[in-house]
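See structure below.
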Amino acid sequence: VLLAVYVGYLGMGAAVLQALERPAEVRAAQHLLREYWKLLANHSCLQEPALQRLMEGIIQAYKSGVTLKGNTTSLGRWDFSGSFFFSISTITTIGYGNLSPSTAAGRIFCIVFALFGIPLNLVLLNEIGKLMLLGVQHCARRLEEVFHCRNKASFLMKTCALVTGLLLFLLLPPLLFSDKEGWSYDEGFYYSFITLNTIGFGDYVIGMNPDRTYPSWYKNIISLWILFGMAWLALVVKFCINILE
């Protein structure tokens with residue numbers, strides 16, 4: 001029965017996503033073809049194979065973190081802060097997919113790094129989660145002394161912890177992303193949830209816009225947000241699992 005519910009839930013998700021996203025995909029494909037043939041028609045000296053090679057080169061360069069800015073190229077995804085953020089996304093298993101090692105040595109190192117880094121990250125998240133839980137339990141005991149009711153104190157403390165976590169990790173960060181990335185609030189909220197759940201689609205990633213200047217502290221603060229946010233959300237997910245079971 002559980003397997004049937006699981007498969008049915010996936011089927012429902014697939015059907016809804018197909019209905020919502022398929023028309024946009026078709027429109028995007030038609031627009032790309034129109035622009036492609038318009039470019040070839042307006043520039044008769046441009047050959048189709050040459051244009052195809054240029055497009056493939058631009059896509060490959062973008063995957064490597066290189067973008068065009070006028071007559072120059074923009075680098076920066078593999079500076080220390082960018083590499084540090086990639087390391088975080090690797091061992092937390094978020095894996096945005098917008099950036100990956102392009103050298104054989106880099107790929108081999110990434111395998112070894114993840115092999116030891118993922119267990120280390122899980123141990124750290126577990127310890128942070130325990131500390132958060134101990135803090136909640138300590139506050140609940142203090143409230144119990146005030147209200148002289150264990151159930152009421154426990155419910156009040158859990159509610160406060162949930163609301164505080166929602167504010168710190170899901171509701172307030174989109175405001176920062178709106179300021180630094182130029183995203184709308186719903187895009188920032190979407191990025192926050194997808195990141196902290198380690199889904200990491202990679203359609204939205206912080207610090208990757210070559211037209212924007214980011215402060216040096218930005219990616220470091222986001223790395224800490226990811227670490228503590230994942231620990232908090234893991235507790236929420238564990239609570240939801242207990243309810244479902």
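Note that these values count all heavy atoms, side chains included, but never hydrogens, waters or copies made by symmetry.
- Thr164 contributes no side-chain N or O that, together with a main-chain N or O of Ala161, makes up a donor-acceptor pair within less than 3.5 Å.
- A donor and an acceptor atom, one from each side chain of Thr195 and Tyr96, are located under 3.5 Å apart.
- Separating the CG atom in Leu125 from the OG1 atom in Thr198 is a distance of 10.0 Å, to the nearest 0.5 Å.
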- Begin from the C-alpha positions of Ile91 and Phe116 and carry the test side-chain contact (heavy atoms from CB on, under 4.5 Å) through to its verdict. CA-CA 9 Å; Ile91 66 173; Phe116 293 97; over 6 Å; no

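- To the nearest 0.5 Å, atom CD1 of residue Ile221 and atom OG of residue Ser216 are 10.0 Å apart.
- Leu176 places a side-chain heavy atom less than 4.5 Å from the side chain of Ile222.
- Shown here for Phe86 and Ser100, the closest heavy-atom pair between the two residues is CE1-CA, 4.2 Å.
- Within a 6.0 Å radius of OH in Tyr185, more than 12 heavy atoms belonging to other residues, nucleotides or ligands are found.
- In this structure, Asn42 contributes its side chain and Lys38 its backbone to a donor-acceptor pair below 3.5 Å.
- Ile88 and Leu122 fall into different hydrophobic clusters, where Ile, Leu, Val, Met, Phe, Trp and Tyr are joined by side-chain heavy atoms under 4.5 Å apart, directly or via other members.
- Sorted by first then second residue, the salt bridge (Lys or Arg N to Asp or Glu O under 4.0 Å) pairs that include residues 163-185, not counting sequence neighbours, number zero.
- The environment of CZ in Phe84 is sparse: at most 12 heavy-atom neighbours from other residues, nucleotides or ligands sit within 6.0 Å.
- Taking CG of Asn197 as the reference point, atom OG of Ser192 lies at 11.0 Å (rounded to 0.5 Å).
- Using modelled atom types and a 3.5 Å distance limit, the side chains of Asp203 and Tyr190 yield a donor-acceptor pair.
- For the pair Tyr204/Ile194, no side-chain contact is recorded, criterion being any heavy-atom separation below 4.5 Å from C-beta on.
- No side-chain heavy atom of Phe109 sits under 4.5 Å from any side-chain heavy atom of Pro101.
- Side-chain heavy atoms closer than 4.5 Å link hydrophobic residues (I, L, V, M, F, W, Y) into clusters, and following such links, even through other members, never connects Phe113 to Ile94.
- Separation of atoms NZ (Lys130) and CD (Glu127) is listed at 5.0 Å; rounding is to 0.5 Å.
- Dense packing is recorded around CZ of Phe177, with more than 12 heavy atoms of other residues, nucleotides or ligands lying under 6.0 Å away.
- Side-chain contact between Arg22 and Val26: present, with at least one pair of heavy atoms (C-beta onward) separated by less than 4.5 Å.
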Enumerate, atom names and distances included, each donor-acceptor pair closer than 3.5 Å involving a side-chain atom of residues 224-233, sequence neighbours excluded.
{"residue": "Trp225", "atom": "NE1", "partner": "Phe169", "partner atom": "O", "Å": "3.2"}

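- Checked against side-chain hydrogen bond (donor to acceptor under 3.5 Å, both in side chains), Ser184 has the following partners two or more places apart in sequence or in another chain: Asp186, Glu187.
- Phe85 places a side-chain heavy atom less than 4.5 Å from the side chain of Val205.
- Remark: Glu25 CD to Gln30 CD distance equals 11.0 Å, nearest 0.5 Å.
- Remark: Glu56 does not engage Arg53 in a salt bridge, criterion side-chain N to carboxylate O under 4.0 Å.
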